[in-house]
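Report on one structure; see the data block that follows.
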Number of protein chains: 2
Amino acid sequence: MSDRVVCRPGGRSARIQASVHQAVEDLLREVGRAELTVPMVAARAGVTPSTLYRRWGDLTHLLADVSAQRLQPDQALPDSGDWRADLRAWTEQYADEMSSKLGRQMLRDVISASVETGIANNCRAFVVQQIASICARGGDTLDAESVIEQVVSPILYRILFDDRPADRAFCGRLLDRVLD
Amino acid sequence: MSDRVVCRPGGRSARIQASVHQAVEDLLREVGRAELTVPMVAARAGVTPSTLYRRWGDLTHLLADVSAQRLQPDQALPDSGDWRADLRAWTEQYADEMSSKLGRQMLRDVISASVETGIANNCRAFVVQQIASICARGGDTLDAESVIEQVVSPILYRILFDDRPADRAFCGRLLDRVLD
DNA sequence: TGCGTTAATGCAACTTTTTTGCGTTAAGGA
DNA sequence: TCCTTAACGCAAAAAAGTTGCATTAACGCA
């Protein structure tokens, strides 16, 4: 499973994991999520399907694992000197990224796997950390928790449950509210 | 598919749909979501698996269909005379329902299927309608959209991405904010 | 009511995916 | 270097998913 303790992470295991992750990312672009299968990933990665089934359980958990890792290494936070502007920029980029087809798929996979594994909690922690570091620039007059509740949550709700887009205007309205 | 136009809804089709839905609900309680399979549902419902594959496509869409229907016929909204109290009661019950294991599974299924079908949008519409009817009691001094953004969204974010519970205290804090 | 049309289902053969047992490989430790 | 064993490859078996064709029964129409 994706959250298991890797008991023997040296050489081979790490090599296979990297190969599999790469295969998933490539195939997601080439054939799309709907057509993706475990045997297909295995063939591309040069391993037997049984390896994937044993390590990740099923396609959902494998995709969740890849997605969770993809969610981590965003680019470094830009610092314009104006923390409010930085927060605006971060929010708009976040909304944009999550609204994309790939972003929605990642959300879906992470949520699906999260019912048992709590992998989504890690993604949240990462987002909190990014927001907190921006808020710190403003002397913590605004806390990350408020941003999560009043900005991030409504954006994700839009993406997941609403046909209307989480566009710039929407983000701006949410930010105006939380920034007093 | 769940959102297809039912061209011939009379007699048999309706009977099969009811039988299948019932089978899903029963089996969800008996064996749980993880062990549920299409052939299992088919056997319980007394139909062939191919019927399910043809009508619903796969297990995810079938479960999303059942979940979406389950989300609709809640009990009638209680009217205590105090619309703010009604909103509080509705919110707490909603959070409670969605926080349960079954609730989280339903959210997961609806979201998963929603990437293509937009079935989640229907669920949102229903929630909006319920909230709006409560807000109407207060002369629309509060609009449903605000409640969605500032109360429902953070609750669902908690359930989906956070280990901490969406408990009474949390709901209360959100409501206090939106009620000025 | 009776009849024709055809959507929807049942059945069975077939393909693909998933599981499982067992032998082999290679990482980590003594 | 050797030993232990986690992780993998392979292949057989089980299960799930697909598809073509025959049958059933809903719906429209006279």
Taking atom C1' of D/dA7 as reference, at what distance in whole Å does atom CZ of A/Arg15 sit? 12 Å
Once side-chain hydrogen bond (donor to acceptor under 3.5 Å, both in side chains) is applied, do any residues pair with B/Ser99, and if so which ones, sequence neighbours excluded? none
Sugar-phosphate only, base, or nothing, as touched by A/Thr51 at under 4.0 Å among non-hydrogen atoms: sugar-phosphate
Pairs where residues 122-132 of chain B contributes a residue and the test salt bridge (charged side-chain N to carboxylate O under 4.0 Å, His left out) is met, not counting sequence neighbours: A/Asp162-B/Arg124
No-hydrogen, no-angle side-chain donor-acceptor test under 3.5 Å, A/Thr60 and A/Ser112: no
Distances for protein N or O near nucleotides 20-24 of chain C N or O, under 3.5 Å:
| residue | atom | partner | partner atom | Å |
| --- | --- | --- | --- | --- |
| C/dG21 | O6 | A/Arg54 | NH2 | 2.7 |

Determine whether more than 12 heavy atoms belonging to other residues, nucleotides or ligands lie under 6.0 Å from atom CZ of B/Arg177. yes
Can A/Asp176 and A/Arg84 be counted as an ion pair, charged N to O under 4.0 angstrom? no
Contacts of A/Ser146 that satisfy side-chain hydrogen bond (donor to acceptor under 3.5 Å, both in side chains) - sequence neighbours left out: A/Asp143
Please give, in whole Å, the distance from D/dG9 P to A/Leu52 CG? 9 Å
Between B/Gly11 and B/Pro49, whichever has its closest DNA chain D nucleotide further toward 5' is B/Pro49
Output the residues of residues 25-43 of chain A in contact with DNA chain D, where contact means a heavy atom of the residue under 4.0 Å from an atom of the strand; sort by number or write none. none
Against A/Met98, only a single residue in A/Leu160, A/Leu71, A/Val152 fulfils side chain to side chain contact (heavy atoms under 4.5 Å, CB included); can you say which? A/Leu71
Of B/Gln17, B/His21, B/Arg55, the residue whose pairing with B/Asp65 passes side-chain hydrogen bond (donor to acceptor under 3.5 Å, both in side chains): B/His21
Within a 6.0 Å radius of atom CZ on A/Arg173, are there more than 12 heavy atoms belonging to other residues, nucleotides or ligands? yes
Please state how far atom CH2 in B/Trp56 lies from atom C1' in D/dA16, giving the value in whole angstrom units. 18 Å
Kindly indicate whether a cation-pi arrangement holds for A/Arg158 with A/Phe170, taking the cut-offs as under 6.0 Å to the six-membered ring centre and within 45° of the axis. yes
5'-to-3' dot-bracket of DNA chain D (Watson-Crick, G-U; under 3.5 angstrom; crossing pairs as [ ]; | other strand): ||||||||||||||||||||||||||||||
Using whole Å, report how far CG of B/Asp58 lies from P of D/dT18. 8 Å
Using whole Å, what does the distance between atom C1' of nucleotide D/dG9 and atom CD1 of A/Ile16 come to? 10 Å
If you measure from the Lys or Arg side-chain nitrogens to the Asp or Glu carboxylate oxygens, is any gap between A/Glu30 and A/Arg44 under 4.0 Å? yes
